[in-house]
Amino acid sequence: MKNVKLISLALSMLICFVSMAQEKTITGTVTDKSNLALPGVTIIVQKSKKATQTDFDGKYSIQAQTGDILIFSYIGMNTQNVTVKQSTIINVILQENSNQLQEVVVVGYGTSEQEDNSYYRPVEKRRTSKPAREPKGKMVSLPVSSNYIQAAPSQQVVIRGTQSISSKNEPLYVIDGIPVKAKQFAKINPNDVQDVKVLKDIDATSLYGSRASNGVVIVATKNGIYKNLTEKELDAKLKIANHIQPVEPSQEDYNAFVENAFESPKTAPLSTFSIDVDNASYTNVRRFINNGQAVPKDAVRVEEMVNFFKYNYPQPKNSDPFSINTELSDSPWNSKNKVLKIGLQGKNIPTENLPASNLVFLIDVSGSMSEINKLPLLKQSLKILVNELRKKDKVAIVVYAGAAGLVLSPTAGDEKKTIIDALEKLNAGGSTAGGAGIELAYKIATENFIKDGNNRVILATDGDFNVGSTSNSDMEKLIEEKRKTGVFLTCLGYGMGNYKDSKMETLADKGNGNYAYIDNIQEANRFLGKEFKGSMFAIAKDVKIQIEFNPKQIQAYRLIGYENRKLRPEDFKNDAIDAGELGSNHTVTALYEIIPAGVKSDYLNEQPDDLKYTKVKESSNNYNAELATIKFRYKKPDGDKSIEMVEVIENKTVGLEKASDDFKFSTAVAWFGLKLRDSKLISNKSSEDILKLAKQGLSNDVEGYKAEFIRLIEAAKFDY
């Protein structure tokens with residue numbers, strides 16, 4: 001009896017296996033008689049009851065056997081049965097059900113004669129003289145928040161005024177032209193959203209068929225970041241881009257610093273500093289505010305917040321790699337003071353004229369990188385950069401955990417699949433031999449050095465080095481030594497909770513480099529995609545600024561931010577001293593607060609006037625028309641000798657109401673940063689006043705970053 005049961009079971013399994021072996025994948029496209037795709041057509045295998053629907057392009061895929069009957073049904077169309085034969089491709093043309101034709105339906109881009117308003121109907125070949133009307137309304141019932149707050153998966157959206165034909169009164173969701181599930185829609189990052197619209201009734205069903213009976217929510221993202229993705233790719237991207245549970249920054253590490261104080265031009269006539277093109281502090285601050293967390297004061301570097309934004313400075317007109325632009329107006333936070341804005345605009349080099357790149361991706365794959373906003377986001381980020389590469393560029397990949405290793409030897413930039421496949425295979429685990437990784441990455445970069453090219457190591461990590469050289473001073477010595485190779489460095493920071501900003505900043509500052517914090521895929525797209533040239537191609541290195549203020553006009557001055565970039569006066573002409581790099585089309589902005597001569601200020605100590613040796617020599621020329629003299633020194637990317645530029649700044653003030661939009665917005669950003677740091681040198685800390693000034697300066701904001709900053713001001717929480 002037992003043998004009979006075993007034989008019966010074996011026969012059943014064999015029959016099942018044969019049946020499965022006979023199944024094949026049937027694909028095809030469903031259109032109407034005008035050859036326009038029909039989305040939402042239901043296809044059922046009559047025998048097995050398997051079912052599927054066509055996508056937005058009318059395409060479908062289903063498992064069936066030879067001899068099966070496929071039933072194609074669509075509201076407003078005649079049902080059609082097709083028998084599966086040898087071919088695995090079955091394209092179907094559905095015919096209108098003439099019994100249902102009654103009225104003219106007006107769709108979003110034309111008009112069409114049509115009887116039932118519950119299905120998609122093409123319009124191009126049946127236009128009438130009736131005017132087209134736009135789809136109804138911006139969405140008002142689904143506010144888009146700037147915070148990273150996930151909608152609950154069980155949350156239901158109901159579009160008012162729709163008549164549901166289903167048990168779930170749920171609309172159709174469309175993201176960048178792709179119909180998606182409600183749970184996918186719930187994961188969209190609000191910061192990625194460019195526009196949201198709602199269609200209902202005829203406007204919805206005439207475009208999307210019966211699936212849209214409860215209305216359609218149409219989302220357009222910035223730069224169409226979800227366009228043309230498969231469902232699997234969409235799920236992966238949504239998982240990476242959004243909804244990382246906020247982690248308290250208890251183990252995060254920031255360099256402590258004291259904000260610059262006011263100085264007298266009589267005792268300190270020269271102010272010298274290195275430019276800073278980094279903007280990691282802004283995206284890190286944004287992360288805290290979006291998570292509803294207090295911002296650590298030492299995480300706020302005001303100059304990096306100001307330099308996150310692009311300003312409307314003119315291109316250089318001569319052979320110099322950047323133009324110099326200055327503006328003097330009233331201080332918005334101390335009414336008796338002035339603010340001097342200094343803006344540099346890097347020359348925009350056409351992409352075809354950029355030198356060949358020799359890039360080494362140095363990727364941290366240690367155990368601390370396993371979180372979703374670290375290695376998974378990192379891999380997606382670097383894919384964006386890979387897409388910018390040309391055939392003459394080359395990429396190598398070095399990874400480090402317990403040890404360092406080469407996982408991709410130098411590969412041409414047009415072999416994108418090979419590079420991306422290597423990225424996809426990376427997994428996190430082990431300790432963090434950061435020093436060994438840096439050694440190997442620079443070794444590969446120097447072995448493949450391109451003369452007059454763009455030679456660069458791109459370090460991507462959370463900065464948590466815990467094997468080998470660990471202290472900031474050790475890392476500083478190592479990276480200063482590697483800088484001598486002529487290889488530049490870009491640092492990409494990821495993660496939260498144990499994020500080591502101090503190490504990342506040290507590496508970038510000392511390694512002929514720049515530094516960005518990547519908090520989501522949108523930021524990766526900005527820094528590594530849209531601003532690829534500025535981020536990856538230096539047009540000038542070791543750029544230093546030195547200002548001599550006129551003591552006849554200025555009682556005291558202070559540099560706002562740049563605390564970690566200040567230099568000694570004698571460093572200005574010392575070509576051995578490292579300074580910041582300027583990229584193609586980059587802008588750099590620096591702000592000075594000035595206490596004019598004769599103004600009584602609470603921020604000044606009494607200046608001694610009876611010193612014998614340090615008394616400034618009086619001059620018969622008062623230089624009344626001059627506020628200051630400004631000098632710049634820079635080297636060419638492959639040069640060793642500095643070139644100097646000199647300009648005189650006029651003593652000419654413009655009232656704040658008449659100042660440029662760039663002045664208003666940049667000072668609003670600095671003001672907000674000073675408030676986040678709880679600066680003791682600003683008298684007005686009103687968020688309302690900061691918000692007002694930022695709105696007055698809101699212009700030239702195609703990407704929406706300035707508007708996002710305004711939302712951050714509104715969302716920020718202060719303990720003072």
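Side chains are part of it too, since the values below use all heavy atoms of this structure and drop only hydrogens, waters and symmetry mates.
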When you measure from the side chain of K416 to the backbone N and O of G413, does any donor-acceptor pair fall under 3.5 Å? yes
Donor-acceptor pair, T446 side chain versus K443 backbone, under 3.5 Å? yes
Evaluation steps, side chain to side chain contact (heavy atoms under 4.5 Å, CB included), between Y442 and I479: CA-CA 10 Å; Y442 273 90; I479 210 68; 3.7 Å; yes
Atom pair CG/CZ of D701 and F309 - distance to nearest 0.5 Å: 8.5 Å
Donor-acceptor contact present, side-chain N284 to main-chain F288, <3.5 Å: no
Main-chain N/O of D519 paired with T283 side-chain donor or acceptor, under 3.5 Å: no
State yes or no: are the ring centers of F665 and F709 separated by less than 6.0 Å? yes
So, Y282 versus Y517, ring centres under 6.0 angstrom or not? no
Strictly by modelled atom types, are S357 and R456 linked by a side-chain donor-acceptor pair under 3.5 Å? no
Is the closest side-chain donor-acceptor distance between N585 and K310 under 3.5 Å? no
Can you list, pair by pair, the side-chain donor-acceptor contacts under 3.5 Å of residues 381-388, counting residues two or more places apart and other chains?
{"unit_1": "S381", "atom_1": "OG", "unit_2": "L377", "atom_2": "O", "d": "2.8"}
{"unit_1": "S381", "atom_1": "OG", "unit_2": "Y494", "atom_2": "OH", "d": "3.2"}
{"unit_1": "K383", "atom_1": "NZ", "unit_2": "E424", "atom_2": "OE2", "d": "2.2"}
{"unit_1": "N387", "atom_1": "ND2", "unit_2": "K383", "atom_2": "O", "d": "3.3"}

Beyond-backbone contact of D276 with V588, side-chain heavy atoms, under 4.5 angstrom: no
Taking atom types as modelled, find out whether S679 and E259 have a side-chain donor-acceptor pair closer than 3.5 angstrom. yes
Taking the six-membered ring for Trp, is the centroid-to-centroid distance between Y313 and F322 below 6.0 Å? no
Indicate whether the side chain of N455 and that of N358 have a donor and an acceptor atom separated by less than 3.5 Å. yes
Cation-pi between R677 and F257: NZ/CZ under 6.0 Å from ring centre and within 45° of the ring axis? yes
